[in-house]
Amino acid sequence: YGDHRDLHLSIRRQRQMCIRDRCKRVKDWKEFLEEAKKNIPENIECEIKMISSINSLTRFANSHIHQNVEEEVGEIYLTIHKNAKTISLNSNITSIDSPKSFIEKALTEVDSSPDDEGWAGIPEKELSYNGYQEFESKNPEQRADKVKEFIEAGKDLNAAGYCSTSVDNYFVWNTNGLESSDSTTSAFIDGIFRTDTSSGSSHRGASSLEDIESGEVGLEAFELSKNSQNPEDIDPGKYEVVLGPEAVSTILVFLAVYGFNAKSKIEGTSPIQLNTQQFDEKITLVDDPYRDKALGFKIDASGAPKKTLEVVKNGVSKSLFHTRRTAKELKEDNTFHELFGWGDSFGGIGTNLYLDSGNSTKKEMISEVKKGIYINEFWYCRVLDPITQVVTGLNRNGSFLIENGEITKPVGRLRFTQSFIASLGVGNVKSVGTDSRFADSEFGEGILNVPMLHLNEFNFTGGVSG
């Protein structure tokens with residue numbers, strides 16, 4: 001840790017330069033927009049957006065910091081709809097010769113675009129949202145201190161992982177007069193301890209680095225690694241499972257992306273049936289960007305404020321995630337869940353998802369299991385059948401056999417083949433954990449805030465090779 005102090009100081013000077021540059025980015029946006037407005041013809045629909053981010057990362061391996069990097073991104077997105085045709089261009093702001101040339105390029109190319117029958121317009125001025133705030137990125141020393149606490153919790157075990165912080169700003173303007181902005185911050189630590197025969201990982205996320213107890217994260221990973229040494233293979237089959245937050249998050253993010261995405265419904269690949277009891281009554285899932293210390297933006301890519309959604313209420317599917325286009329096609333209200341950087345090509349995705357907590361502790365969950373498995377996290381998950389949400393994947397970084405209410409031994413790698421929607425189905429959720437936190441998932445970190453789950457049945461079909 002101490003060997004990297006000179007590197008930290010060097011990166012700190014870079015950070016101070018980036019703060020000045022970030023202030024300049026806001027000025028750049030205003031100047032770009034004012035110049036762009038002068039070159040937009042009448043009687044067209046136009047949308048201009050900018051994402052400005054500072055992403056800072058500290059990596060560690062072999063229990064030492066080996067990398068500090070910081071990247072500033074300023075991306076401009078331009079959409080023009082003219083004579084029933086649409087074109088979208090994007091570029092780093094530093095690569096654009098001038099707003100005039102950028103717009104002229106789009107106006108030239110839009111004429112050769114195909115007719116856009118799905119065009120759903122741009123939001124009205126009344127949906128403008130002003131959420132911009134001045135945030136400073138964290139310095140490398142602050143991230144290094146968190147890494148140090150994580151490593152020290154593992155004593156002599158080998159540690160690897162990362163600590164990251166981000167400041168993200170989003171600006172949107174359109175020819176209807178909408179002018180929106182929003183800002184958000186996030187911080188994550190993710191680490192693993194290894195022995196010759198085992199590994200244990202842990203993850204935390206928050207809106208502020210100060211809110212992450214990295215020593216606690218390190219202790220959790222250390223104990224998983226230490227206790228899972230010399231794992232034993234067990235027979236595949238159907239087992240009760242107690243799932244850690246990362247495993248729960250993976251189930252829910254697959255359902256969100258492939259199930260509750262309205263575009264999947266249009267394409268006929270979503271299993272979701274609104275106002276139907278598809279899940280156990282213990283499952284209530286909301287998408288709430290306005291919750292205190294939420295990590296995601298409060299506006300979507302169109303610049304309109306997102307709606308707070310009841311996605312699942314007491315087991316009943318209540319809402320899909322919509323964009324402008326999917327709302328038009330299905331003749332439903334837009335929920336404003338268009339993704340940044342993707343336009344609406346991927347459909348609507350919830351990025352501020354919260355699963356309601358329950359009343360069972362981890363110890364209580366384990367004590368109620370006759371024969372089952374504790375799973376810390378899933379990985380390498382792939383959809384086999386979107387209609388039934390059958391997914392296959394593996395367990396890793398801390399799995400244990402539970403017998404008669406007690407953990408008896410660590411278990412090796414298992415392959416599951418399981419319908420994620422059935423895993424949360426009526427009668428299969430035995431209990432929900434008391435404590436919730438932001439968890440990692442196969443689609444990224446900070447999307448979901450979840451507790452642990454105790455499920456009655458989960459289908460394991462083989463070892464790592466079958």
Side-chain angles (χ1 to χ4, degrees), residues 25 28-53 73-125 127-129 168-182 257 261-264 266-267 297 299-306 321-329 334-349 351:
R25 285 294 187 218
D28 286 346
W29 162 248
K30 292 179 179 179
E31 291 177 349
F32 185 96
L33 183 58
E34 289 307 310
E35 186 65 25
K37 288 178 182 178
K38 300 174 185 177
N39 295 280
I40 298 171
E42 295 182 358
N43 302 320
I44 70 167
E45 291 178 280
C46 179
E47 185 175 78
I48 303 176
K49 304 177 280 191
M50 185 174 88
I51 299 175
S52 177
S53 300
V73 178
E75 288 285 325
I76 295 287
Y77 296 80
L78 169 67
T79 298
I80 286 177
H81 184 74
K82 174 187 174 185
N83 297 330
K85 301 175 184 293
T86 305
I87 189 166
S88 294
L89 302 178
N90 70 280
S91 176
N92 190 287
I93 192 170
T94 59
S95 300
I96 297 174
D97 292 334
S98 70
K100 180 180 179 181
S101 64
F102 196 52
I103 290 169
E104 287 177 346
K105 176 176 167 50
L107 289 171
T108 299
E109 294 182 5
V110 71
D111 291 333
S112 59
S113 298
D115 286 353
D116 185 358
E117 296 179 0
W119 177 252
I122 52 180
E124 297 298 325
K125 178 180 180 179
L127 291 175
S128 296
Y129 180 89
D168 299 292
N169 302 292
Y170 191 58
F171 305 92
V172 187
W173 172 90
N174 71 33
T175 47
N176 280 346
L178 177 138
E179 291 193 49
S180 289
S181 63
D182 199 18
V257 171
N261 183 341
K263 189 169 184 180
S264 296
I266 291 168
E267 294 171 347
F297 285 119
I299 59 175
D300 81 337
S302 73
K306 294 179 180 179
F321 297 118
H322 275 291
T323 67
R324 290 171 277 184
R325 290 179 184 267
T326 63
K328 176 185 177 182
E329 185 159 351
N334 190 359
T335 64
F336 302 102
H337 283 85
E338 194 172 309
L339 283 175
F340 299 97
W342 288 82
D344 50 13
S345 62
F346 198 75
I349 305 293
T351 55

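Being a predicted model, the structure only gives us computed values, none of them experimental.
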* Structure fact -> Residue set satisfying side chain to side chain donor-acceptor pair (under 3.5 Å) with Glu124, at least two apart, ordered chain then number -> Asn176

* Does Asn334 have any side chain to side chain donor-acceptor pair (under 3.5 Å) partners at least two apart in sequence or in another chain, and if so, which? -> none

* Got a donor-acceptor contact below 3.5 angstrom from the Asp115 side chain to the Glu117 backbone? -> no

* Does Thr175 use its side chain to pair, donor to acceptor, with the backbone of Cys46 at less than 3.5 Å? -> yes

* To do: Scan residues 79-116 for pairs that pass ring pair (Phe, Tyr, Trp, His ring centres under 6.0 Å), counting only residues two or more places apart or in two chains.
  => His81-Trp119

* Structure fact -> Asn39 meets the side chain to side chain donor-acceptor pair (under 3.5 Å) criterion, sequence neighbours left out, with none

* With sequence neighbours excluded, tell me which residues meet side-chain contact (heavy atoms from CB on, under 4.5 Å) with Ser53. => Ile51, Asn55, Asp168

* By ring-ring contact (aromatic ring centres under 6.0 Å, His included), which residues pair with His322, not counting sequence neighbours? -> none

* Asked: So which pairs with a foot in residues 92-105 pass salt bridge (charged side-chain N to carboxylate O under 4.0 Å, His left out), sequence neighbours left out?
  -> Lys105-Glu109

* Pairs in or reaching into residues 73-82: which pass salt bridge (charged side-chain N to carboxylate O under 4.0 Å, His left out), with residues at least two apart or in two chains? -> Lys82-Asp111

* salt_bridge(Arg324, Glu45) N-O dist < 4.0 Å -> no

* Structure fact -> With sequence neighbours left out, the residues meeting salt bridge (Lys or Arg N to Asp or Glu O under 4.0 Å) with Glu34 are Lys37

* Quick one: list whatever passes side chain to side chain donor-acceptor pair (under 3.5 Å) with Ser181, sequence neighbours left out. => Asn130

* Any residue meeting side-chain contact (heavy atoms from CB on, under 4.5 Å) with Ser95, in chain and number order, not counting sequence neighbours -> Ser91, Asn92

* Asked: Who passes side-chain contact (heavy atoms from CB on, under 4.5 Å) against Glu329, sequence neighbours left out?
  -> Ile266

* To do: Output yes when a side-chain donor or acceptor of Asn261 lies under 3.5 Å from a complementary backbone atom of Gly348, and no otherwise.
  => yes

